[in-house]
Peer 1: 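First the structure, then my questions, so here it is.
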Amino acid sequence: MNILENLAFGNERPSVFPIQRTDKTNYFAIGLLQDQILKKHTANVPSLLTVIKGEIEFFINGENFLLKELDTYDIPVMVEHEVKGVTEKNIFTIVQEK
């Protein structure tokens with residue numbers, strides 16, 4: 001399986017591709033085009049973000065972080081955050097504990 005080949009980038013909304021779901025974790029990839037936004041939301045379980053391709057801006061608690069390829073970020077539970085694509089095509093994965 002190739003994540004890039006399975007993400008359907010489009011202008012309408014971020015692309016989401018489920019990689020693996022088990023009784024303990026949910027693992028998926030999200031693709032964002034340049035300036036495309038994954039709107040404000042919260043994670044209700046512990047989540048680890050890893051940038052696979054490109055760069056993203058991660059907005060949380062009034063701060064923003066530029067995350068580059070292979071950077072990781074532990075997303076706190078129930079804290080509103082937003083993500084924006086910086087380069088032409090941006091891919092990050094999320095691993096969530098259940």
Side-chain angles (χ1 to χ4, degrees):
M1 161 188 18
N2 183 287
I3 294 171
L4 181 57
E5 290 175 3
N6 284 283
L7 282 170
F9 286 92
N11 293 323
E12 298 297 316
R13 63 179 183 226
S15 176
V16 179
F17 172 65
I19 298 169
Q20 183 180 54
R21 290 181 186 216
T22 69
D23 58 338
K24 294 182 181 180
T25 61
N26 186 19
Y27 181 39
F28 56 96
I30 298 176
L32 296 173
L33 295 173
Q34 187 172 20
D35 296 325
Q36 194 169 43
I37 294 175
L38 180 59
K39 295 179 182 180
K40 290 181 182 178
H41 62 284
T42 59
N44 57 359
V45 294
S47 303
L48 176 67
L49 180 153
T50 303
V51 179
I52 302 299
K53 177 179 174 58
E55 298 178 0
I56 60 171
E57 284 186 85
F58 189 85
F59 303 92
I60 189 167
N61 289 329
E63 297 182 79
N64 71 319
F65 301 93
L66 180 64
L67 301 176
K68 299 179 180 185
E69 288 182 19
L70 304 179
D71 284 345
T72 64
Y73 188 89
D74 281 312
I75 303 170
V77 175
M78 301 309 292
V79 178
E80 192 172 69
H81 56 279
E82 184 174 74
V83 184
K84 178 181 175 183
V86 174
T87 62
E88 183 181 348
K89 286 188 176 179
N90 309 278
I91 300 171
F92 59 96
T93 61
I94 301 287
V95 178
Q96 295 180 325
E97 299 175 19
K98 288 186 179 178

Peer 1: Tell me, do Tyr73 and Val83 make a side-chain contact under 4.5 Å, heavy atoms counted?
Peer 2: no
Peer 1: Nearest 0.5 Å please: distance from the CG atom of Leu48 over to the CD1 atom of Ile75.
Peer 2: 8.0 Å
Peer 1: For the residue pair Gly85 and Asn90, what are the closest heavy atoms and their distance?
Peer 2: CA-ND2, 3.5 Å
Peer 1: Would a distance-only check, ignoring hydrogens and angles, find a side-chain to backbone donor-acceptor pair under 3.5 Å from Gln36 to Gly10?
Peer 2: yes
Peer 1: Flag yes if Val77 and Phe59 sit in one hydrophobic cluster, no otherwise; membership is Ile, Leu, Val, Met, Phe, Trp, Tyr, and two members link when side-chain heavy atoms are under 4.5 Å apart.
Peer 2: no
Peer 1: Any side-chain to backbone donor/acceptor pair from Thr42 onto Met78? Under 3.5 Å, distance only.
Peer 2: no
Peer 1: From the options Ile94, Val95, Ile30, select the one residue that forms a side-chain contact (heavy atoms from CB on, under 4.5 Å) with Leu49.
Peer 2: Ile94
Peer 1: Spell out, yes or no, whether Phe65 and Ile56 are grouped together once hydrophobic residues are joined by side-chain heavy atoms under 4.5 Å, including indirect joins.
Peer 2: yes
Peer 1: Could you tell me whether the side chain of Lys68 and the main chain of Val51 form a donor-acceptor pair under 3.5 Å?
Peer 2: no
Peer 1: Provide the closest heavy-atom pair for Ile91 versus Ala29 in the form atom of the first, atom of the second, distance.
Peer 2: CG2-CB, 4.4 Å
Peer 1: Over all heavy atoms of both residues, which pair between Met1 and Asn6 is shortest? Give the atoms and the distance, please.
Peer 2: CG-ND2, 3.9 Å
Peer 1: Starting from Ile19, can I reach Phe92 by hopping between I/L/V/M/F/W/Y residues whose side chains sit under 4.5 Å apart?
Peer 2: no
Peer 1: Calculate, to the nearest 0.5 Å, the distance between atoms CG and CZ belonging to Leu32 and Phe9 respectively.
Peer 2: 7.5 Å
Peer 1: Minimum heavy-atom separation for Asp35 to Lys84, with atom names?
Peer 2: OD1-CE, 3.3 Å
Peer 1: Between the main-chain N or O of Thr25 and the side-chain N or O of Gln96, is there a donor-acceptor pair closer than 3.5 Å?
Peer 2: no
Peer 1: Please report the closest heavy-atom contact between Glu80 and Ile60, naming both atoms and the distance.
Peer 2: O-CG1, 3.7 Å
Peer 1: Can you pull out every ring pair (Phe, Tyr, Trp, His ring centres under 6.0 Å) where at least one residue sits in residues 11-43? Sequence neighbours excluded, please.
Peer 2: His41-His81
Peer 1: Minimum heavy-atom separation for Ser15 and Ala8, please, with both atom names.
Peer 2: OG-N, 3.0 Å
Peer 1: With rounding to the nearest 0.5 Å, note down the distance linking CD in Glu57 to CG in Leu67.
Peer 2: 9.5 Å
Peer 1: Would you say Ile3 and Leu70 are hydrophobically clustered, going by side-chain heavy atoms of ILVMFWY under 4.5 Å?
Peer 2: no
Peer 1: As a quick check of understanding, evaluate side-chain contact (heavy atoms from CB on, under 4.5 Å) for Lys98 and Asp23, giving each step before the final call.
Peer 2: CA-CA 7 Å; Lys98 288 186 179 178; Asp23 58 338; 5.9 Å; no
Peer 1: Is there a donor-acceptor pair closer than 3.5 Å between any side-chain N or O of Asn2 and the backbone N or O of Leu4?
Peer 2: yes
